[in-house]
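A short write-up of the structure that comes next.
Everything numeric here is computed off the predicted structure, so don't read it as measured data.
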Amino acid sequence: MNELIAYCGLNCETCDARIATIQNDDELRRKTAKLWSEWNHADITPEMINCVGCRVDGVKTPYCEQLCPIRKCAQENGYTTCGSCPELDRCEKVAMIIGNNEEARKNLHG
């Protein structure tokens, strides 16, 4: 499986945090921090927008690195992605992503 597909099925290759990190684009970091702050009702700063991908070695956003329950669960269970989990279609954690994102669902059911 493509290593830029996150545990939840999102495509890290198209994520603005990864793009800003790879391109060292501070304007994209600012835009992404503002948008994510609004979406998540949280204070996300441009300095937090540094990530190379959920499943690859390197820097991660604070949420992805420390807080994401999906990433924690998959790592603890030794899954490459949630697509390896027999509970995928009943999982409440990953449902918050694949319930609203058909591409992510397809990436996991691949």
Side-chain angles (χ1 to χ4, degrees):
M1 173 173 278
N2 176 344
E3 69 179 0
L4 291 177
I5 299 300
Y7 290 104
C8 65
L10 290 175
N11 185 349
C12 294
E13 191 166 12
T14 61
C15 176
D16 284 340
R18 182 175 192 281
I19 294 167
T21 302
I22 299 299
Q23 296 178 358
N24 196 24
D25 184 336
D26 288 337
E27 181 57 30
L28 183 56
R29 283 187 179 100
R30 281 189 287 278
K31 288 179 182 178
T32 302
K34 183 178 186 299
L35 182 62
W36 289 8
S37 292
E38 291 168 5
W39 284 353
N40 296 292
H41 308 289
D43 186 23
I44 299 170
T45 66
E47 295 76 27
M48 294 175 178
I49 306 298
N50 285 292
C51 189
V52 293
C54 177
R55 296 189 307 118
V56 297
D57 289 338
V59 67
K60 313 270 183 275
T61 66
Y63 179 81
C64 294
E65 179 72 34
Q66 301 165 2
L67 302 173
C68 178
I70 298 167
R71 184 172 187 265
K72 283 182 183 182
C73 179
Q75 287 181 324
E76 287 170 1
N77 286 291
Y79 297 136
T80 303
T81 69
C82 293
S84 303
C85 179
E87 300 296 316
L88 174 65
D89 293 323
R90 294 178 294 283
C91 178
E92 291 180 19
K93 289 180 190 108
V94 79
M96 65 185 186
I97 301 296
I98 64 175
N100 300 314
N101 188 313
E102 189 58 33
E103 180 187 358
R105 178 181 291 282
K106 286 179 186 175
N107 287 338
L108 295 178
H109 284 286

Give the cluster check for M96 versus L67: same hydrophobic cluster or not, with ILVMFWY residues linked at side-chain heavy-atom distances below 4.5 Å. yes
In this structure, would V56 and I22 fall into the same cluster of hydrophobic residues linked by side-chain contacts under 4.5 Å? yes
Minimal heavy-atom distance between E13 and N2, with the atoms involved, is OE1-ND2, 4.2 Å
Pairwise salt bridge (charged side-chain N to carboxylate O under 4.0 Å, His left out) hits with a residue in residues 71-95, at least two apart: E87-R90, D89-R105
Residues at least two apart in sequence or cross-chain that pass side-chain hydrogen bond (donor to acceptor under 3.5 Å, both in side chains) with Q66, listed by chain then number, are none
Applying salt bridge (charged side-chain N to carboxylate O under 4.0 Å, His left out), run through E27 and R30 and close with a yes or a no. CA-CA 5 Å; E27 181 57 30; R30 281 189 287 278; 3.0 Å; yes
If hydrophobic clusters are built from ILVMFWY residues whose side chains come within less than 4.5 Å, do L35 and I19 share one? no
Close side-chain approach of C54 and C12, heavy atoms under 4.5 Å: yes
Let me confirm one number: the CD1-SG distance from I98 to C82, rounded to the nearest 0.5 Å. 7.5 Å
Quick check for you: to the nearest 0.5 Å, what is the distance between N24 atom CG and N50 atom CG? 8.0 Å
Minimum heavy-atom distance T61-W36, with the two atoms named: CG2-CZ3, 4.2 Å
Does any N or O in the side chain of K60 come within less than 3.5 Å of the main-chain N or O of G58, such that one atom is a donor and the other an acceptor? yes
Gap separating the CG atom of L108 from the SG atom of C91, nearest 0.5 angstrom: 10.5 Å
Rounded distance (nearest 0.5 Å) linking atom SG of C64 with atom OH of Y7: 11.0 Å
Under a 4.5 Å side-chain heavy-atom rule over Ile, Leu, Val, Met, Phe, Trp and Tyr, are M48 and V59 clustered together? no
Do L88 and Y79 share a hydrophobic cluster (ILVMFWY, side-chain heavy atoms under 4.5 Å, transitive)? no
Nearest non-hydrogen partners of I70 and V94, listed with the distance: CD1-CA, 3.8 Å
Looking at CD of E38 and NZ of K34, how far apart are the two atoms once the value is rounded to the nearest 0.5 Å? 4.0 Å
Shortest non-hydrogen pair, S37 vs D43, comes out as OG-C, 4.0 Å
Tell me whether the count of non-hydrogen atoms from other residues, nucleotides or ligands lying under 6.0 Å of CG in N40 goes above 12. yes
Closest non-hydrogen contact found for T45 with A33 is C-CB, 3.6 Å
Out of curiosity, I49 CD1 to T32 OG1, how far, rounded to the nearest 0.5 Å? 5.5 Å
Note, N11 side chain near E103 side chain (heavy atom, < 4.5 Å): yes
Heavy-atom pair with the smallest gap, counting every atom of R55 and L4: NH2-N, 4.5 Å
